[in-house]
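Below, chains carry the letters A, B, ... as their sequence lines are ordered, and counting in each starts from 1.
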2 protein chains.
Amino acid sequence: MGDRPSIRDVATAAKVSIKTVSRVVNGLDTVAPELRDRVQTAIVELNYVPNTMARSLKTGAGNAVGVVVDSIDDVFFSALVSAVEQRAISLGLGVVVCSSGFDPERERNQLLRLASQHVRGIILAPVGEQLEFLEPYRTSMPVVTVDRSLPGFDSVTVDDYAAARSGVERLVASGHRRIGLIGFDRRIQTARRRRAAYEDVLVEHGLAVDAELVPDVPLGSGAARAALRTVLALPEPPSALFLSNARHASAVISETHSLGRTDLAVVSFGDFSLADAVDPTISCIDQDPYSMGALAFDRLTQLFQNPVLDRVDLQVPTGFVQRSSHLIRIAELAAQPRRRAGKVSIS
Amino acid sequence: MGDRPSIRDVATAAKVSIKTVSRVVNGLDTVAPELRDRVQTAIVELNYVPNTMARSLKTGAGNAVGVVVDSIDDVFFSALVSAVEQRAISLGLGVVVCSSGFDPERERNQLLRLASQHVRGIILAPVGEQLEFLEPYRTSMPVVTVDRSLPGFDSVTVDDYAAARSGVERLVASGHRRIGLIGFDRRIQTARRRRAAYEDVLVEHGLAVDAELVPDVPLGSGAARAALRTVLALPEPPSALFLSNARHASAVISETHSLGRTDLAVVSFGDFSLADAVDPTISCIDQDPYSMGALAFDRLTQLFQNPVLDRVDLQVPTGFVQRSSHLIRIAELAAQPRRRAGKVSIS
DNA sequence: TTCCTCTCGGACAACGTTGTCTCGGCTGGT
DNA sequence: ACCAGCCGAGACAACGTTGTCCGAGAGGAA
């Protein structure tokens, strides 16, 4: 009753053999037209759908790919997952999404669960560093990392260092000497790279590197707003902000508005909606999550066909969305009472 | 080599019988402690993970739930999916996400694919109206709809009509007589309900209902910006906007800013990030996607245990986020040259 | 000693599907 | 009319797991 019809039921209904039904649904062999018709009418009549698990069990290959990201509820990753799903559906593959929640232990469990599901491959935004346990599965379940890379795995990333440099350099070019970095999380590789770029730019321009301007902001927590407030409450607060992660950008911008501090120069790593509508409009480094997801999936399909391909690091180019926030000059701070603003405004 | 170890390999490695391994991994039977230890060390040594497909094939029950939504890349649905995944992981269930792309045909394919995957149940934001083909699977694969309801299925929704009424009424209370509705798509049930609420409020207040103020905005298209422009270009343009879908809200607000039309009163159905940072801040009807996802999943688990429960419609309460945009009065339009603004400002 | 209980292993079968193999029957060419 | 060749159908095993059933021991109690 509640049980689904099996290939056997279809066979008896169509008065053919089980094998013939199999041939029809797979469309591989030549089957006599009249038998094919009988089978197909029986299929629609019984509402038969082939049991993927049995098929996968027999053939050894699953019919889904896994995606493990920090959080599904994240503009960057939801766009990436969406791109993966678009691609996957055209190959008839399902997409199993899992969130790691920045927890290496949870990430490990999710990956093992995907392995037990026999997914064809995995797209992973890695959190943990110890993923050797995936080795035994590498050939039957290739892994491509996104956003972050991991030794020994194919990856799709952006050039964090170069992009972050260009963002910070624009702030320096607008005359800022104290630049806050909001969004640093030592656990995250990209956060470390972006911080390194930030510091390198500062020292290259003879500016002081002050750890107080780089508060810890654990990803996935709501700490960005508080981090902004503590940075602004410093004896020597920054006149500019580099938002190193788009996930915090909305919260930080919202907080600057509620504090009335729209005089801060800002560059965000990652575009976000309404960045062009707030005042001032926020200049952003643009990384395209759709391209990254699509590229990662394509690489995965290549690995399906040949699991022993050499490891490849694919980099997606970034852009810079010119808006107004990075052009705010330090001179405009003169109106601010809390801070002497006699610094020279460099052109 | 690349092949995964099977329960058989574990048994030989631990020098026990297959059955004992099965007993250990399922933790059901009493096994002698030393044997259990042998088995567990063999498991970690071989990196064994039980083959879920074989297990599901044998037991008949899958180990994943399916989620079918309009689009994954959507703040509302990505939050909902996230809530579902949070809940699912605690039960050891995977989440297979699929997007319907507003296409009934594609929705049907996705649902059939989920059926062939033997998912335990499905959470669905329905697009099509013809889902009778799911009937044969109802007992083995329960379905709960979210956001929209469908005859014969359990659902988790909000009271669209009442919430939309309260939003439009606030605009009327601020003195507006011509109110645009951006976000109508006749294919979507909620869009129709919200439009009905809008029209009812207008007639109850003796205001004209003008279809020109309700442009068609197909969901999933980028038509919202153009719709706003055409509405504003009418001979008698609106002085207020009711955004009936949060998916368009960001685009519409962005467009009002680029047009310099921040004088429009606005209420949005659905909150969105930076609604509190743009000027004016945008008042929103708040529907909580996390609650909806969690509730839908909980209902699904009830149906797992008892598939023949009576159908239930669960409604999640909505709130109203008081910001400033709904308080903009028509009198303030006096400065606008394109429109005589001599109308009385009703308190 | 005998009997009962308890733990573990071995032997099947089965879930639904597909690959392999074989055989029957048909077609076409001679 | 006969045979070669071929095409399609059916029988069977197997994928990895679990459930059932039974038997072999071991240990304790009567």
ask   = Reckon B:S22 has a side-chain N or O less than 4.0 Å from the OP1 or OP2 of D:dT18?
value = yes

query = Atom CG of B:N26 and atom P of D:dG16: how far apart are they, to the nearest Å?
reply = 17 Å

ask   = Any donor-acceptor pair under 3.5 Å joining the side chain of A:K58 to the base of C:dG16?
value = no

task = Could you tell me whether A:R106 and B:E85 make a salt bridge, using a distance below 4.0 angstrom between a side-chain N and a carboxylate O?
result = yes

ask   = Roughly how many Å is it from NZ in A:K15 to C1' in D:dG10, rounded to a whole number?
value = 17 Å

ask   = With a cut-off of under 6.0 Å to the ring centre and 45° to the axis, is A:R247 in cation-pi contact with A:F77?
value = no

inquiry  = Please compare B:A32 and B:H118 by the position of their nearest nucleotide in DNA chain C and report the one closer to 5'.
reply    = B:A32

ask   = Between B:Y48 and D:dG16, is there a side-chain N or O to OP1/OP2 distance below 4.0 Å?
value = no

ask   = Do any side-chain nitrogens or oxygens of B:N51 fall under 4.0 Å of OP1 or OP2 in D:dC15?
value = no

Spacing between B:Q117 atom CD and C:dG16 atom C1', to the nearest angstrom = 15 Å

key: Separation of D:dA11 C1' from A:R23 CZ (nearest whole Å)   = 12 Å

inquiry  = Looking only at the side chain of A:K19 (C-beta and beyond, no hydrogens), which of the listed nucleotides C:dC8, C:dT17, C:dT18 gets closest?
reply    = C:dT18

inquiry  = Whether B:S6 contacts D:dG16 is assessed here as follows: a side-chain N or O lying under 4.0 Å from the phosphate OP1 or OP2. Is that the case?
reply    = no

Lys/Arg cation over aromatic A:Y48: A:R4, 6.0 Å, 45° cone = no

query = Are any of the side-chain nitrogens in A:D103 or A:R187 under 4.0 Å away from the carboxylate oxygens of its partner?
reply = no

Whole-Å distance separating the CZ atom of B:R55 from the P atom of D:dT17 = 8 Å

Residue A:T20, side-chain heavy atoms: nucleotide from D:dT17, D:dT18, D:dG10 that is nearest = D:dG10

message = Taking the minimum atom-to-atom distance to the side chain of B:L57, which one of C:dC8, D:dT18, C:dC15 wins?
response = C:dC15

key: d(CE, B:M53; P, C:dT17) in whole Å   = 13 Å

message = Show the nearest heavy-atom pair for residues B:V39 and B:V10, with the distance to one decimal.
response = O-CG1, 4.2 Å

inquiry  = What is the distance, to the nearest angstrom, from the CD1 atom on A:I18 to the P atom on D:dA11?
reply    = 9 Å

task = Name the closest nucleotide to the A:T59 side chain, picking from C:dT17, C:dT18, D:dT18.
result = C:dT18

query = Quick one: A:D9 CG to C:dT17 C1', roughly how many Å, whole number?
reply = 13 Å

